[in-house]
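Before any comments, here is the structure.
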Number of protein chains: 2
Amino acid sequence: MKQEARTAAGAPATLWERTRQLATREILETALRLFTEQGYDETTVAQIAREAGVSQRTLFRYFGAKEDLLGGGQDRFGQVLTDTISEQPADVGVWEALRAGVAAVLALHDSREQALERFRLLHNTASLRAGYLEKRLRFQEDLLPLVEARMDTRAGSADPRARAVVATAFACLDAASMTWVASDGRGDIIDLYDECLAAVRG
Amino acid sequence: MKQEARTAAGAPATLWERTRQLATREILETALRLFTEQGYDETTVAQIAREAGVSQRTLFRYFGAKEDLLGGGQDRFGQVLTDTISEQPADVGVWEALRAGVAAVLALHDSREQALERFRLLHNTASLRAGYLEKRLRFQEDLLPLVEARMDTRAGSADPRARAVVATAFACLDAASMTWVASDGRGDIIDLYDECLAAVRG
DNA sequence: ACGCAGTCTGGCAGTCGCTGCCATCATGTC
DNA sequence: GACATGATGGCAGCGACTGCCAGACTGCGT
């Protein structure tokens, strides 16, 4: 705790961190390659560890679960979402604020191809969807207070409307991304999202 | 295949079917008891099998997975949903048809207490939610053609609107049931559902 | 340069959900 | 009573994941 490693620029201070980053990258790349080559379920953690040159035990110390090997740091998504939304001016409506959050998260992908590959893997693999949906629920829970602040919510805990609004936003995002994948990445997801919302609130 | 067992009334024809039903019920009751007593994740399949007086192997032959031990035959939910919606007259709108389906499924529970207990277990157990959400996705996929038939959907596969509508309906159902559980089962879920939809469709 | 302390690593065993295989036993039929 | 048709239970095994322990390594003070 005495000497923080520089997170942004510059080489990491200690040798440990350097090797750690190297191993992390190696594991991540191996995993993504094997996943796309032979599918998520057909790839065992043991295989990834073997080909990445680390022990299975170490791999599980780096990444707590197999899902985490997808990379992209999905946990960051939640952060960006809540940050973007809470940064919106107070007079911006709920739907607009949510849209801004969604757009910010979508802009997080490195490239169109990478996004397409991730979404494709996600929507086509049952075991992955489970994890994604689980995280999604946590995001929804985190967003709840922010959304309630922008709606005149009833007192007490028996007001389902904020929950419904948040869940609907995610539902539209899902529909949009699924359609986007189905059409092989034509157009912009955010346009599809707008279309979904229009269809729902029309 | 030569002598069908009577499904509805009367004792089942063969002894096998009788014992089978008995074992099924015994397992189901034991499982539900243990789940509510000590939680879902804290209850092992081995324990259920032991206390129900069958081998673990047999238990897995009766129920393919641990989730299925929750009973209620959630697979039936999907059937009732699609049936109810497809039975709606052609001039009934999408939202109304979906609402009818939701109401039909909710009416499937034996009692208010049972429904509350199930929803509570569902919303509080991560591993259960995963399975539920997975099934939900299948239901959504099954509903898609029915909903598209009631909307003037664009040609091609790049129309996300039907997906969005279905997903929104489920999102509202989720929000409603979560709020219902949070308020310990006060009021009717279907009323909360209506409130959610009203909030979304403004 | 050396030793010590704090980490990191790999391997082993074990848990839990779940499946395939096979011997055994009960059931229904001829 | 003999025989085919299942149902059952036990065993081994897989895959994700965890706890534990010994050994290797790095960083730091001397």
Side-chain angles (χ1 to χ4, degrees), chain A residues 1-6 11-27 30-31 34-35 38-70 125-132 134, chain B residues 1-6 11-28 30-31 34-35 38-70 125-132 134-135:
Chain A
M1 193 84 92
K2 54 178 71 166
Q3 187 167 358
E4 282 289 309
R6 268 153 287 175
T14 91
L15 201 168
W16 273 346
E17 297 225 16
R18 244 178 299 151
T19 33
R20 200 176 171 80
Q21 279 196 355
L22 223 80
T24 300
R25 189 172 328 193
E26 181 69 26
I27 293 174
T30 309
L34 291 176
F35 286 162
Q38 41 180 301
Y40 181 81
D41 286 326
E42 287 69 31
T43 305
T44 70
V45 174
Q47 187 185 8
I48 300 173
R50 212 181 315 125
E51 301 207 11
V54 295
S55 81
Q56 194 171 339
R57 194 65 191 82
T58 300
L59 192 151
F60 271 115
R61 261 193 283 258
Y62 275 64
F63 306 88
K66 190 183 178 186
E67 315 174 355
D68 299 340
L69 294 173
L70 274 185
T125 312
S127 33
L128 275 182
R129 276 186 308 233
Y132 161 69
E134 196 54 39
Chain B
M1 194 87 92
K2 53 179 71 168
Q3 187 168 356
E4 282 289 309
R6 267 152 289 176
T14 91
L15 202 168
W16 274 344
E17 298 225 16
R18 243 178 300 152
T19 35
R20 197 175 175 81
Q21 279 195 355
L22 225 82
T24 300
R25 189 171 328 192
E26 181 70 25
I27 293 173
L28 238 39
T30 309
L34 291 177
F35 286 162
Q38 41 180 299
Y40 180 81
D41 285 327
E42 288 69 32
T43 306
T44 70
V45 174
Q47 187 186 7
I48 299 172
R50 212 181 316 126
E51 300 207 11
V54 296
S55 81
Q56 194 170 338
R57 192 67 191 82
T58 301
L59 191 152
F60 271 114
R61 261 194 283 258
Y62 275 65
F63 305 89
K66 190 183 177 184
E67 315 174 354
D68 299 341
L69 294 174
L70 274 185
T125 313
S127 35
L128 275 182
R129 276 187 308 234
Y132 161 69
E134 196 53 40
K135 274 177 200 137

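Within every chain, numbering begins at 1; the chains are lettered A, B, ... in the order of the sequence lines, protein sequences first and strands thereafter.
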*Which atoms form the tightest heavy-atom contact between B:V54 and B:L59, and what is the distance?*
CG2-CB, 4.3 Å
*Atom pair CD/OG1 of A:E17 and A:T24 - distance to nearest 0.5 Å*: 10.0 Å
_From A:L34 atom CG to A:R50 atom CZ, the distance as rounded to the nearest 0.5 Å_ = 10.0 Å
*What's the spacing between A:T125 OG1 and A:F35 CZ if we round to 0.5 Å?*
9.0 Å
*B:D68 CG to C:dC18 P: how many Å, rounded?*
8 Å
_Listed partners of A:E26 passing salt bridge (Lys or Arg N to Asp or Glu O under 4.0 Å), at least two apart_ = none
*When the distance from CZ of A:R20 to C1' of C:dG6 is rounded to whole Å, what number comes out?*
14 Å
*Atom-pair distance (CG on B:L22; P on D:dT8), nearest Å*: 12 Å
*asked:* In whole Å, I'd like the distance from the CZ atom of A:R18 to the P atom of D:dT26.
replied: 11 Å
*Can you tell me the distance, in whole Å, between the CG atom of A:D41 and the P atom of C:dG17?*
19 Å
*Nucleic acid contacts of residues 56-66 of chain B, taken as heavy-atom distances under 4.0 Å to DNA chain D*: B:R57, B:T58, B:R61, B:Y62
_Can you measure A:Q38 atom CD to D:dG15 atom P for me and round it to whole angstrom units?_
12 Å
*A:Y40 side chain to A:A126 backbone, donor-acceptor under 3.5 Å*: no
*Between A:E17 (CD) and C:dT7 (P), how many Å, whole number?*
13 Å
*Could you tell me the separation between the CD atom of A:E42 and the P atom of D:dC14, rounded to a whole number of Å?*
17 Å
_Please classify the nucleic acid contact of B:S127 as base, sugar-phosphate, or nothing, using heavy-atom distances under 4.0 Å._
nothing
